[in-house]
Amino acid sequence: MRAETRRRWAIAGLTGPAYLWLTLTIFLPLSAMLWFSFQRKGPFGRHETEFTLKHYEAFFTKDYLQDLTWRSLEMGLQVTVICLILGFPAAYVLAKRIKGRWREALFLLIVLPFWSNALVRIFSWTVVLRPGGVLDSAVQSVFPGAPSIDLADSWSAVIIGLVHSYLPYMILTCYLSLQAIDDSLIEAARSLGASALTILWRIVLPLAIPGLAAGAVLIFVPVIGSFFEPKLLGGTQGVVIGTVIEEQFTVVSNWPLGGALSFILLAIVLLILAVSYPFLKDRMRTA
Amino acid sequence: MQTMSHRLLPRFADGMGRAFLALILVFLYLPIAVLALMGFNESVHYALPFEFSTKWYEALAGNDRLLTASFNSVWIAVANTVIATVIGTMAAFALGRFRFRGRTVMQLLLFPPITIPWLIIGTAMLVLFFWTGVGRGLHSMLLGHVALSLPYVIIVVGARMASFGPELEEAAASLGATPVQAFWRVSLPVLMPGIVAASLFAFAVSFDQFVISYFLAPPGTSVLPVEIFSAIRKGFTPEVNAISTIVIFVSMGIMLAFARLSKFGGER
Amino acid sequence: MSVVEARHVTKRYGEVRALDDVSLVFPEGRFFALLGPSGSGKTTLLRAVAGFVEPEAGEILLDGEDIAHTPAHRRNIGMVFQNYALFPHMSVFDNIAFGLTVRGTSRADARERVHRMLELVRLPGMEQRKPRQLSGGQQQRVALARALVTEPKVLLLDEPLGALDKRLRQEMQIELKQIQRAVGITAIFVTHDQEEALTLSDQIAIINEGKLVQVGAPNEIYENPHSVFAAGFLGDANILRGRVENGIVAVEGAGPVAARGALPPEGSPAVVAVRPEKVRLSAEASAEGVNRIAGRIFQAVFSGTSVTYIIETAVGTQRAFRQNAGERIYGVGEAVVMEWSPEHTVVVEE
Amino acid sequence: MRKAGLLTTAAMALALSAGMAQAEELHVLNWQGYGTDEAWAMETFEAATGVTVVHDYFNSEQEMLTKLRTSPGAYDVILINSAFTQQAADEGLIQPIDTSRLENFAALSPGLRDAPDLSYDGEVYGVAWTWGLTSIAYDTTEVDPGTSIDILWDPQYAGNVGLRDDSVENVAIAAIATGQNMNDPADMDLIREKLRELKPQIRTYWSSEDEWNKEFSADSFDVSVYWSGSASRSATAFNLPVGFFIPDEGAIAWLDGLSIATDAPNLDAAYAFIDYMDSADFYVRWDTEAGAPASANPSAMDMLPDTAFNKVVLSRPGATDHLQFMAPLSDEKREEFLEVWEETKAYFAE
């Protein structure tokens, strides 16, 4: 009994500070926001509190909100898939093909861009992608007379900028789970006659699922809520649900609608996670 | 001849792999290189062709606003890293070592701060802090940054926790160590790579945190990302590139120092 | 059934020579043990046969064809790994069938063969289990079944029983041998455990510091070790050092020792080895004569079926091993005389 | 050593507290780079009054309101667009102004000085400072502008037109183009249609003067909706080939006032600063060195040379006949405008 009491105190003492902190600075404010999303008006100015569902109704009655939400999901999917296609092989080469000091150095190089400012990086892309910019000039100097490359203010620019921002997450998570795969498993498969491709497909990939899934979540979720990257890079194409939410807070003080849209987005994210969970659960446990 | 081709193939694949990795690095560093170079470009409008100039660095030396903001950023990031790493590691240790009711819920609760757009959390914090009298300022920014860093710390340290069982602590206990001694002398050193990785995450989350700072920055004081955002909206000059370049090189130094002190990223 | 041969195989890691000009023939259908301390190069040799290590020089022949540079997956070799290396995300069935499916065997055929293999390793009906739901011994059998199902030319085993407890290990040794015989496959296995090597193998190669020390049948090496290392690594041995005088080895403090076989030239140093079980003990006070050493019992280790005596003599601590056939058991401190026949005295190299 | 340390600490503490007591500060909230933070102006003001001017910036009117609401007592002088003055007064964020304390108040242009939007409940809450236009700027090397707002819809400039990403502004442009009252348009569907027709014209939005200059330099557009004060700066300070005109259909006019926060800590300095801002001294230097919108002080306007950007633009006959001043909008109107604009942007992005 005394041991049990001590254990309880230890748990409370250890988790207490972190969860108290999270409660005060995340969950309480979010509860307040949830409450507002059912109010007619935001927290400022003089008015009565009045319960309403109209902000949630708006999402279901206004096509453009649904279209833009869909657009955001598409953006999240595209960025996640591209990060996966680029990040997984890179992580594989790093984890399984490069040894010792070089690996450590390259690993540092890959995570280092995290420490530069996201806004400035996004802005740099506009200098790279615009006609007459770095990319265009480089292509022109190698192939004089080639058609001018103009990727600025386009959907592609948004995708490129976001992939650039989030790719290190995918490389990181994949690297960690690839590194955990025992080399003897790969040798076992080779001794059984599997080619490199078969090993990749049937051994490495399934065992790296936790890393891939973690990377996908860490990328997909913030990307669908992103707003300044599309705004700065997309021109007229850079309109997504994130920019609409942002404008509810910054252009008009329509916090209830902004909050409602955010919670709808959160619900969609949770739904996607819930749907993919049974598939992932099995994979997560074995590895 | 056939044996020759067998011998060459894996090397060829290796070469391809390395070339691919090199391309990824080029992609990751292209905008950063452009950013650094433009800090040395004469034109205020980022016009090409390139003309070398150090005038933006000279201008920076006189730009108190940007320098103060940088100082604030570093200060908050360091404080955030210390607090978030310490209390996050404590929580991760408890979640990893004990099985108790509510544990799953606690783990699930780590996801909202990551999944909900920071914009929403930022405005929500602003309202609550305003109502409760916490107000805006470096202290409330710190409150916000720690909250956003905590989930990352708990998840990263938790992953490290999962890589070893309680046997090590049991072994320490059998040798006469108290739980506290076992933690300091055994668990903590084993957890170290995870803790270092987590603290770097915490530093990055805070140092690059724009949205929360934007809402919680008090009048007259500001942090680097907020300054940069204002600059982008109103008169973006290569001075911003200059300060970003300095920041990148300083953080590269910090990272390398960390890497030397720990096995972060190396063999497990 | 196939024959594997290593010719002048050399492999270096930096400055360290893991394998130094090793030549060995692994005969058809035999169970061949590579025995040596850790770091001796035995695993490197096994991995070179498997195709995970590419030798710098030399050839590895499989049925006369050099495969030293053939990728592992084209060698048709079965391997059991130290920790089994079972694919954690696959069921037992998928693990065993893996080698078949990558070769394009039909599902029905694979099912049939996996079934037969599970019968062979005595795990019928386990197809749908996951590796983590199996005990250590069961995992070992699945690993064996997986390695054998493709009917490989050679079976390689890397310390296959190291992770099992002693009792299970003894059971598995017998079973492994049975299965190997039943299948009739050439098997090579790596171990640092001399007892395991003796029990399992038809042939043993002792390896030390990247070099081949001795090759032969277990009893042959046991009875006739060529070196102090071989004598000491495979079984126990009393080592006596002396000088050849008048066609006999004179050991200072112990008197003359007569040995079997050819001696080094007159006047040069010589080393002889005697197995403890070949030593007789008596309580006689005098120790005059050939192959006799006087000593005092330091410790008597009683194990039921036998007694091992550790005896202090003028030429260091020596051992004697006696079956418990009803003889009197000497107590600690008793004076004894060790005695053995020249037949059992082997001249070895230092 | 220790004593010296103690002394320095004490000296520092003293210096700090003294510094706090002495250095009077004035906190101004404004757009960045909008007159009040001109370095020479702050120096002049400090030299005259001993008060240091400290700035904080906002990026949208909503942000300005949010900052006022959440930081009571932090600001003295705030720049507020007259369309928002009444809302700020209604929420109690700003205080009524004693105009007798402002020497330059009487000299201000009566139409602007007494604009109803700057008053609330019979009292003045905003001091008219500058006014300007949101109209059409063009590249003088590429475009012959004509006199109609329809230039924005002209297929000749398809993909070459710039708009600001701002709901109120764009709804107003469409309202003017369809001959409606921009502050209370009767036919929103017509506006929606008109905005949608801009789809082939637009390539990107601009959000700040700086971005406008960059996009204009990079040739992202040749014709764009723009602010008169900014156009003046682009032409004078940045030497860009920018022309600006007021179409026959009219243009958006806005009036910016300076207000004092409710709990302003430094009231005297606030009055002094506002008075200085409305002086001809300040304005003429601002316009000639940096470029500015039109001043509310007619004597300041008179002192400008005839070639000054603002004078040229405003001097075209009939230019000011159809101006529509931005009026306060209800929350519902703002939300409706935003919805129309967001829907249009979604359509543009399809």
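Lettering follows sequence order; numbering is per chain, from 1. We use all heavy atoms of the structure for the numbers below, so side chains are in, but hydrogens, waters and symmetry mates are not.
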Q) Which heavy atom of B:Leu128 sits nearest a heavy atom of A:Ala32, and at what distance? A) CD1-CB, 4.5 Å
Q. Among B:Leu224, B:Ile121, B:Leu143, which has the most heavy-atom pairs under 4.5 Å with chain A?
A. B:Leu143
**Q.** Minimum heavy-atom distance A:Gly13-B:Met90, with the two atoms named
**A.** O-CE, 3.6 Å
Q) A:Ile160 versus chain B, heavy atoms under 4.5 Å apart: side chain, backbone, both or neither? A) both
Q | Gap separating the CZ atom of B:Arg101 from the CD1 atom of A:Ile11, nearest 0.5 angstrom | A | 12.0 Å
Q: Quick one: closest heavy-atom pair of A:Ala90 and B:Leu21, and the distance?
A: O-CD1, 3.5 Å
Q.
Do B:Ile24 and A:Ile171 have side chains that approach each other closer than 4.5 Å (heavy atoms only, starting at C-beta)?
A. yes
Q: I would like to know whether A:Leu22 and B:Leu110 meet side chain to side chain contact (heavy atoms under 4.5 Å, CB included); could you show each step before the answer?
A: CA-CA 9 Å; A:Leu22 285 174; B:Leu110 296 174; 4.1 Å; yes
(Q) Report which part of B:Leu28 has an atom under 4.5 Å of a heavy atom belonging to chain A: side chain, backbone, both, or neither. (A) both
Q: Decide yes or no for A:Leu24 and B:Thr132: does some side-chain heavy atom of the first lie under 4.5 Å from some side-chain heavy atom of the second?
A: no
Q.
Over 60° means perpendicular and under 30° means parallel, so tell me whether A:Tyr169 and B:Phe201 are parallel, tilted or perpendicular.
A. tilted
Q. Does any heavy atom of chain A fall under 4.5 Å from the side chain of B:Leu35, the backbone, both, or neither of them?
A. both
(Q) Shorter than 4.5 Å, heavy atoms on both sides: which option in A:Trp125, A:Trp21, A:Phe220 has the most such pairs with chain B? (A) A:Trp21
Q | Max heavy-atom pair count under 4.5 Å with chain A, selected residue of B:Tyr29, B:Phe129, B:Phe93, B:Phe203 | A | B:Tyr29
(Q) Around atom CG of A:Leu197, are there more than 12 heavy atoms from other residues, nucleotides or ligands closer than 6.0 Å? (A) no
Q) Mind checking whether A:Val163 and B:Phe27 have side chains closer than 4.5 Å, heavy atoms only? A) yes
**Q.** Per-residue contact mode, B:Ile32 against chain A (heavy atom under 4.5 angstrom)
**A.** side chain
(Q) Looking at chain A, which one of B:Leu23, B:Val146, B:Leu37, B:Leu109 has the largest number of heavy-atom pairs inside 4.5 Å, strictly under? (A) B:Val146
Q.
Counting heavy-atom pairs closer than 4.5 Å to chain B, which one of A:Ala105, A:Gly242, A:Ser124 comes out on top?
A. A:Ser124
Q. What is the minimum heavy-atom distance between B:Arg18 and A:Arg97, and which atoms define it?
A. NH2-O, 2.9 Å
Q.
I need the residue from A:Phe263, A:Phe27, A:Phe227 with the largest number of non-hydrogen atom pairs under 4.5 Å to chain B.
A. A:Phe27
(Q) Less than 4.5 Å apart, side chain to side chain, heavy atoms only: is that true for B:Phe100 and A:Arg8? (A) no
Q.
Quick check on A:Ile224 against chain B: is it the side chain, the backbone, both or neither that has a heavy atom closer than 4.5 Å?
A. neither
Q: Check each atom of B:Ile83 against the heavy atoms of chain A and say whether the ones under 4.5 Å are side chain, backbone, both or neither.
A: side chain
Q. How about A:Ile26 and B:Leu148: do any of their side-chain heavy atoms sit closer than 4.5 Å?
A. yes
Q: Look at A:Leu30, A:Leu86, A:Ile98, A:Leu265 and state which one has the largest set of heavy-atom pairs under 4.5 Å with chain B.
A: A:Leu86
Q: Measure A:Tyr92 against the heavy atoms of chain B and call it side chain, backbone, both or neither at under 4.5 Å.
A: neither
Q | Contact summary for B:Ala91 and A:Ala18, nearest pair of heavy atoms | A | CB-CB, 3.8 Å
Q.
Parallel, tilted or perpendicular, judged at 30° and 60°: which one describes the rings of B:Phe210 and A:Phe228?
A. perpendicular
